[in-house]
Every structure is written in structure tokens, then in C-alpha cells.
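Heads up: the structure comes next, in C-alpha cells.
Just so you know, ligand 1 is whichever comes first in the structure, and atom 1 is the first atom listed for that ligand. Computed from a predicted model, the values in this text were never measured in an experiment. Atoms considered below: every heavy atom in the structure, side chains included; atoms not considered: hydrogens, waters and symmetry mates.
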Amino acid sequence: KHAAKIRLDDVKGEQSREKDKADRATSEQVLDQRTRMILLQMINRGFVSEVHGAISTGKEANVYGAVAYPDLDGPPIQRAIKVYKTAILSFKDRERYITGEHRFKSGAEKGNSRKMVKLWAEKEFRNLRRIHSAGIKCPEPIQLKLHVLVMELLGDRKGYAYPRLRDAAISGDDSEEVWRSLYIQLLGIMRRMYQVCRLVHADLSEYNILYNNRQLYIIDVSQSVEHDHPRSLEFLRMDIKNTGDFFRREGVDILPDRVVFDFVTV
Ligand code: ATP
Ligand code: MN
């Protein structure tokens, strides 16, 4: 078996208290003791073997690259680990997504931020599972423990993550045609998500779509809601508007929002 190799200093827990404090003061990226324990447990169980640096550090979550060696001599598998932050403030305005969400009636204790982040991680895990099962391109969910979610890395074999659609370098003679086909592709994804997964993304934009080789990948679905959520159609209209605006700026002759809305929902 491969020896678990951890490159992230924070995971080792070997830092002195003083250094730890200093790090926390200078950077938000330091993992707390609980998160380290969860990562070590996942390493021991073989879900990941190495945890690498951050792919993204945001308000609500950090995403780390990781590698697993499932077989003795098999190739490494690239993974992504999303660690939700226990920052109460950024989760406050997320209440509107959970209110009316029948899957989370009991657990949604307001004010308990540790329970809240666990809830968001759970939501993302379940939504990813549903979206992935429906054949929509998204990270395959692998493992969940409290506020730590392990998923497939959308990236190349070296572990470089695909760019967000916003940063995709689409150029050349056929770029106009590529943009048009991506727009059509996204309409199909939204429809399938609604009709088959019974979900509305609710934060769909060029920032939460990754791009590679003429293929779109949906990410960041912790706030996605059931189609019978009281505000789901409002969120869907917002998704349609935001993505439509983006494709229009890229020169695509987009359909009117209400036409897209009917295409998705009927
Ligand atoms: P925040 O709002 O705090 O920035 P977030 O909730 O938006 O975090 P995500 O959108 O899920 O978090 O992830 C942040 C970034 O990490 C994404 O924009 C994407 O670049 C990268 N990322 C997330 N998941 C994956 C993945 N499975 N494979 C490759 N890259 C990923
Ligand atoms: Mn995001």
C-alpha cells in the first residue's frame, strides 16, 4: 500500500501553537483541528492519499486538490476536496434557500454554524449525486464527512483544474459556433436538471460552470433547490437571466428568457 503522503503542512498538525496562531492571523487558509482530523481519517481509509494546495479559497469554502491511489500499482486518481467554512456571516443570507426545503426541515438550526455547514455539505453531496446519476457532467461525489466533501477533480491527469467558463479560452475561426453550441448545451443541462433531477441550480453563472474541450461541467450545487421549493421558479428565472446575459455578451443570439423558461419547465 502507498504510504499516505501529505504535503499540506496544516494537515500534519505538527505546528506549534504559536506558529498556528500566527498562521491563523495572517491567513484564512489554515485548517482547524477538526478538519485535519477528518482529512487524516479519509487518508487512513484510502479515499485520498495526498492533499495538495488550494485550487480556490473563497468566502464560504476552500477547494483543495488531492490524489488517491486506489490500486497498488494503478494510476493516481485526481480528487477535489471542498472544505466548508464555519463562518456564520456568509451563511446568513443562504437562509432563503433552506427555508421551504422539506429535505432539511429539522436540521436547519439557525445560529449553529457548525450544523449549518454540515447541512450545506450534505446538500451539495446529495445534489451532486442526483445530478451525476442523471448523466449531467459534474464532479462525481465520493465521500462526505461533516463539512468536508471529497469529489472527482474536473481537470487533467496532472491535477490542473479546468477553467471556469468565465475564464475559458475559446478562440479561433469556429469560436462563434462553439459559443452557440455551448449555449444550446447549457439549455439542455438546465432542462435535464429540472425534468430529471427535479432541481434548480439557483446560483448558475459562468463562475459555477467549468469548461473543457467543448464540454460544460456544473459545480457548486449546495444551494440548489427542489423544483417544489416555494421560490424555485424565481431562482430558475435568475439562472436563466444570468447565463443568458453571459452568452449574449459572448455574442450569442440568445432566446428570450420566457422561451427558455418554458423549454426548461414544460
Ligand atoms: P466560495 O463562494 O467561497 O468561493 P464556492 O461555494 O463558490 O466557494 P465552488 O464554486 O464549489 O465553491 O468551488 C470554488 C472553485 O473551486 C470553483 O470556481 C472551481 O474553480 C474550483 N472547483 C470546485 N470544485 C471543483 C472540482 N470538482 N474540480 C475542479 N475544480 C473545482
Ligand atoms: Mn462557486
Side-chain angles (χ1 to χ4, degrees), residues 8 27-32 35 42 47-48 50-68 76-98 113 116-133 136-144 146-169 186 189 193 199-213 215-225 235 238-239 242-243 246:
L8 207 67
S27 139
E28 283 245 36
Q29 294 181 38
V30 174
L31 299 168
D32 63 24
T35 306
M42 284 176 166
F47 292 109
V48 290
E50 304 170 9
V51 180
H52 296 169
I55 296 172
S56 160
T57 58
K59 278 200 314 284
E60 297 174 351
N62 290 346
V63 178
Y64 300 92
V67 173
I77 292 183
Q78 303 293 338
R79 298 226 153 125
I81 306 179
K82 187 164 176 177
V83 178
Y84 292 79
K85 293 184 180 177
T86 332
I88 317 148
L89 270 177
S90 57
F91 281 95
K92 268 227 166 103
D93 61 315
R94 290 193 140 210
E95 225 161 84
R96 62 193 176 124
Y97 296 101
I98 266 199
S113 54
M116 282 299 281
V117 283
K118 175 172 173 278
L119 210 73
W120 286 112
E122 251 163 41
K123 247 168 94 68
E124 175 132 50
F125 194 79
R126 291 162 67 161
N127 289 339
L128 278 179
R129 211 157 50 188
R130 227 195 265 186
I131 296 164
H132 192 259
S133 308
I136 296 168
K137 299 243 186 287
C138 73
E140 180 186 358
I142 307 288
Q143 173 73 355
L144 172 74
L146 295 175
H147 59 290
V148 180
L149 189 162
V150 181
M151 59 185 146
E152 172 192 4
L153 179 100
L154 300 174
D156 65 17
R157 272 190 234 162
K158 286 185 173 171
Y160 289 106
Y162 296 149
R164 300 177 300 183
L165 182 58
R166 141 118 181 111
D167 305 319
L186 186 61
I189 290 172
M193 233 174 121
L199 288 172
V200 170
H201 187 291
D203 192 19
L204 196 61
S205 75
E206 64 274 25
Y207 295 93
N208 284 329
I209 300 171
L210 301 190
Y211 173 81
N212 182 56
N213 194 24
Q215 189 69 58
L216 301 179
Y217 298 83
I218 301 301
I219 62 163
D220 205 357
V221 293
S222 60
Q223 73 295 311
S224 301
V225 296
F235 294 146
M238 194 176 71
D239 286 353
N242 289 338
T243 52
F246 172 74

task = Please check if any side-chain donor atom of N208 sits under 3.5 Å from a side-chain acceptor atom of S205, or the reverse.
result = no

Classify the contact between [X] and ligand 1 as side chain, backbone, both or neither, using a heavy-atom distance cut-off of under 4.0 Å.
{"X": "I219", "result": "side chain"}
{"X": "Y207", "result": "backbone"}
{"X": "E152", "result": "backbone"}
{"X": "N208", "result": "side chain"}

Non-hydrogen atoms of A66 and I81 that approach each other most closely = CB-CD1, 3.8 Å

ask   = Can you name the nearest heavy-atom pair linking F47 to R79, along with the distance?
value = O-NH1, 2.8 Å

inquiry  = Just so I know, are the side chains of V221 and L199 near enough to count as touching, which here means a heavy-atom distance under 4.5 Å?
reply    =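 Not in contact.
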
key: Rounded distance (nearest 0.5 Å) linking atom CG of L210 with atom SG of C138   =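 These two atoms lie 10.5 Å from each other.
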
query = What distance do I209 atom CD1 and H201 atom NE2 have between them, rounded to the nearest 0.5 Å?
reply =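 The NE2 atom of H201 is 7.5 Å from CD1 of I209, to the nearest 0.5 Å.
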
So between [options], whose heavy atom ends up nearest [atom]?
{"atom": "atom 1 (P) of ligand 1", "options": "G65, G58, A54", "value": "G58"}
{"atom": "atom 8 (O) of ligand 1", "options": "A161, S56, P163, A61", "value": "A61"}
{"atom": "atom 31 (C) of ligand 1", "options": "L210, T57, L154, V150", "value": "L210"}

Note the single closest protein heavy atom to [atom], along with its residue, its atom name and the distance in Å.
{"atom": "atom 10 (O) of ligand 1", "result": "D220 OD2, 2.9 Å"}
{"atom": "atom 20 (O) of ligand 1", "result": "R164 CG, 3.9 Å"}
{"atom": "atom 3 (O) of ligand 1", "result": "E60 N, 2.7 Å"}

message = Return all protein N, O or S atoms below 2.8 Å from the Mn ion (ligand 2), chain by chain in residue order.
response =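 The answer is N208 OD1, D220 OD2.
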
Atoms in ligand 1 flagged as close to K59, the criterion being non-hydrogen separation under 4.0 Å =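 Contacts of ligand 1 toward K59, numbered from 1: 1 (P), 3 (O).
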
